[in-house]
Asks: 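Before I ask anything, here is the structure I am working with.
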Amino acid sequence: MIMSMRNAALAGLLLLAGCGGQWGDQPQFSPRFVPLMQADAPQLQVRFMETGLNSTLLLAQNRDGVQTWLAADGAGILVEDGMVMGTRGVGQGLLAVEASATRRAIRARRAGVITERFHTYLLGDDTTRTRTYQCLIETRGAANVLTEIGNVPALLWAESCNSLDQSFVNLYWINPTTSRVIQSRQWIGDFSGEILLRPRV
């Protein structure tokens, strides 16, 4: 199959992004990625805030509302309703996230509530560790998100989380009408820090 100019450009971008260290050291496509690229699968823009690395992920699966977004080297991010539910091959291995209380609060626009979230990480000896965070949900008012089609109006919500030895703030820009997450900045662990997620519209 002949690759379109759009896919060729995307391939070059993803190939370069794959060399940046977050997605692996080998500049090659995984077997699962190539068919997605050829099929013009939906795209998710990802930026690692600490390193400045940018990458484009493609939608590989949508099962019961949980989307699996795949990078060129086969690493991936799991997302549900705009919130990261886990990573595969990224950073220290965020196996699973339970943040349903936060999701419900933001969708219902309930500011001032305290929620809990749980992160399960894969350790170096193939064991897991689950960390618990208490989070305050707050609204930060109206904002605009700059997309490829221009500025999109949004409502900015913050999830300020703390454990005994860690703290972070997740930000969610949501559509005022549909409550869909337009853009988010989420913390996925000590190694990778914060990532900015923006679906292509």
Side-chain angles (χ1 to χ4, degrees), residues 18 21-24 30 32-33 36 41-51 53 55-108 110 113-137 157-174 179-199:
Q22 286 286 357
W23 300 111
S30 76
R32 295 178 61 200
F33 187 85
L36 299 174
Q43 300 176 19
L44 177 69
Q45 306 300 313
V46 177
R47 178 180 178 86
F48 288 83
M49 302 304 293
E50 184 174 337
T51 64
L53 173 69
S55 190
T56 300
L57 279 62
L58 302 182
L59 181 62
Q61 180 176 275
N62 190 342
R63 178 178 295 175
D64 298 327
V66 178
Q67 300 173 328
T68 300
W69 295 89
L70 200 66
D73 67 353
I77 296 177
L78 280 64
V79 178
E80 183 177 9
D81 290 334
M83 295 187 179
V84 174
M85 292 290 101
T87 65
R88 299 294 182 265
V90 180
Q92 65 199 98
L94 179 56
L95 285 183
V97 173
E98 161 51 40
S100 56
T102 292
R103 255 193 341 268
R104 289 193 299 268
I106 291 178
R107 288 184 67 86
R110 295 174 54 215
V113 300
I114 302 293
T115 64
E116 281 189 327
R117 69 159 48 225
F118 306 90
H119 290 192
T120 300
Y121 292 98
L122 179 64
L123 304 181
D125 57 359
D126 289 333
T127 61
T128 61
R129 179 184 183 185
T130 299
R131 304 188 66 109
T132 303
Y133 305 91
Q134 286 202 330
C135 306
L136 173 63
I137 309 301
W157 286 76
E159 177 193 20
S160 302
C161 301
N162 294 277
S163 67
L164 292 177
D165 60 345
Q166 291 179 324
S167 63
F168 57 90
V169 178
N170 291 333
L171 299 175
Y172 306 96
W173 288 260
I174 70 168
S179 294
R180 182 179 66 86
V181 176
I182 302 171
Q183 174 180 278
S184 66
R185 195 178 76 193
Q186 302 180 56
W187 186 81
I188 60 172
D190 287 329
F191 182 81
S192 297
E194 294 178 322
I195 57 174
L196 183 72
L197 305 177
R198 181 187 297 160

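Along the sequence shown, the residues carry numbers beginning at 1.
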Asks: Do the side chain of Arg88 and the main chain of Leu95 share a donor and acceptor less than 3.5 angstrom apart?
Replies: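 It does hold such a pair.
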Asks: Are Leu94 and His119 packed together at the side-chain level, in the sense that at least one heavy-atom pair is separated by less than 4.5 angstrom?
Replies: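 Yes, close enough: below the 4.5 Å cut-off.
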Asks: Would you say Leu123 has more than 12 foreign heavy atoms packed within less than 6.0 Å of its CG?
Replies: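 Above 12, so yes.
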Asks: Just how far is it from atom CG of Leu59 to atom CG of Leu70, taken to the nearest 0.5 Å?
Replies: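 The distance works out to 10.0 Å.
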Asks: Identify which one of Leu36, Leu57, Leu58 satisfies the side chain to side chain contact (heavy atoms under 4.5 Å, CB included) criterion when paired with Gln43.
Replies: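 When side chain to side chain contact (heavy atoms under 4.5 Å, CB included) is applied between Gln43 and each of Leu36, Leu57, Leu58, only Leu58 qualifies.
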Asks: Does any part of the side chain of Val90, heavy atoms only, come nearer than 4.5 Å to the side chain of Ser192, both counted from C-beta?
Replies: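 Result yes, sub-4.5 Å side-chain heavy-atom pair found.
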Asks: To check you understand the geometry: which heavy-atom pair defines the closest contact between Val169 and Ala158, and what is its length?
Replies: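 Taking every non-hydrogen atom into account, CG1-CB, 4.2 Å.
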Asks: With the side chain counted from C-beta on, respond yes when Gln134 and Thr115 share a heavy-atom pair under 4.5 Å apart, and no when they do not.
Replies: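 No - every pair of side-chain heavy atoms lies 4.5 Å or more apart.
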Asks: Got a sec, which residues hit side chain to side chain donor-acceptor pair (under 3.5 Å) with Thr132, two or more places apart in sequence or on another chain?
Replies: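 Not a single residue meets the side chain to side chain donor-acceptor pair (under 3.5 Å) criterion with Thr132.
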Asks: Pairing donors with acceptors under 3.5 angstrom, does anything connect the side chains of Thr128 and Thr120?
Replies: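 Absent: no donor and acceptor within the cut-off.
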Asks: For atom CD of Gln166, decide whether the heavy atoms of other residues, nucleotides or ligands shown that lie under 6.0 angstrom number more than 12.
Replies: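 Atom CD in Gln166 is crowded, with more than 12 foreign heavy atoms closer than 6.0 Å.
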Asks: Kindly indicate whether the side chain of Ile174, heavy atoms from C-beta on, has any atom under 4.5 Å from the side chain of Arg180.
Replies: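 Not touching, per the 4.5 Å side-chain cut-off.
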Asks: How would you list, by chain and number, every residue that makes a side chain to side chain donor-acceptor pair (under 3.5 Å) with Trp69, sequence neighbours excluded?
Replies: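 Testing Trp69 for side chain to side chain donor-acceptor pair (under 3.5 Å), a comparison that skips the adjacent residues, returns Gln67.
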Asks: Can you list every salt bridge (Lys or Arg N to Asp or Glu O under 4.0 Å) pair that touches residues 96-106, not counting sequence neighbours?
Replies: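 As it turns out, the salt bridge (Lys or Arg N to Asp or Glu O under 4.0 Å) pairs with a partner in residues 96-106, which skip direct neighbours, are Glu80-Arg103, Asp81-Arg103.
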Asks: Provide the closest heavy-atom pair for Gly89 versus Ala75 in the form atom of the first, atom of the second, distance.
Replies: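 Taking every non-hydrogen atom into account, O-CB, 3.7 Å.
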Asks: Any heavy-atom pair between the side chains of Thr102 and Ile137 that's under 4.5 Å?
Replies: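 Contact flag for Ile137/Thr102 side chains = yes.
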Asks: Shortest non-hydrogen contact from Ser184 to Gly82?
Replies: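 Scanning both residues, the minimum pair turns out to be OG-O, 3.7 Å.
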Asks: Name all residues meeting the ring-ring contact (aromatic ring centres under 6.0 Å, His included) criterion together with Trp173; count only those two or more places apart in sequence or in a different chain, and write none if there are none.
Replies: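 By the ring-ring contact (aromatic ring centres under 6.0 Å, His included) rule, Trp173 matches no residue at all.
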Asks: Please round to the nearest 0.5 Å and tell me the distance separating atom OH of Tyr172 and atom CD1 of Ile182.
Replies: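 Rounded to the nearest 0.5 Å, the OH-CD1 separation comes to 15.0 Å.
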Asks: Taking only residues two or more places apart in sequence, or in another chain, which ones meet Thr87 in a side chain to side chain donor-acceptor pair (under 3.5 Å)?
Replies: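 Thr87 satisfies side chain to side chain donor-acceptor pair (under 3.5 Å) with no residue once adjacent residues are dropped.
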Asks: Distance check, rounded to the nearest 0.5 Å: Glu159 atom CD versus Trp187 atom CH2?
Replies: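 It is 11.5 Å, given to the nearest 0.5 Å.
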Asks: May I ask you to test the Leu196-Val46 pair for a side-chain heavy-atom distance under 4.5 Å?
Replies: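 When only atoms from C-beta onward are counted, Val46 and Leu196 do not touch, as no gap falls below 4.5 Å.
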Asks: So how far is it from Ile77 CD1 to Ile188 CD1, rounded to the nearest 0.5 Å?
Replies: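 Between atom CD1 of Ile77 and atom CD1 of Ile188 there are 6.0 Å.
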Asks: Run the side chain to side chain donor-acceptor pair (under 3.5 Å) test against Ser163 and tell me which residues pass, sequence neighbours left out.
Replies: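 Listed in chain order: Asp165.
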Asks: Could you tell me whether Phe118 and Tyr133 have their ring centroids closer than 6.0 angstrom?
Replies: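 No; Tyr133 has its ring centre 6.0 Å or more from that of Phe118.
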Asks: Could you check whether any side-chain heavy atom of Glu194 comes within less than 4.5 Å of a side-chain heavy atom of Phe168, counting everything from C-beta outward?
Replies: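 Counting from C-beta outward, Glu194 and Phe168 never come under 4.5 Å.
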Asks: Looking at Arg131, I want to see if its CZ is surrounded by more than 12 non-hydrogen atoms of other residues, nucleotides or ligands under 6.0 Å.
Replies: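 Above 12, so yes.
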Asks: Flag the pair Ile195 / Arg47 as yes when at least one side-chain heavy-atom distance between them is below 4.5 Å, and no otherwise.
Replies: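 Ile195 vs Arg47: side chains apart.
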Asks: Drop me the distance from Leu171's CG to Arg185's CZ, to the nearest 0.5 angstrom.
Replies: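 Reported to 0.5 Å precision, the distance equals 4.5 Å.
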Asks: Determine whether a donor-acceptor pair (N or O, by modelled atom type, separation under 3.5 Å) exists between the side chain of Gln186 and the backbone of Val84.
Replies: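 The answer is yes, because a donor-acceptor pair under 3.5 Å joins these two groups.
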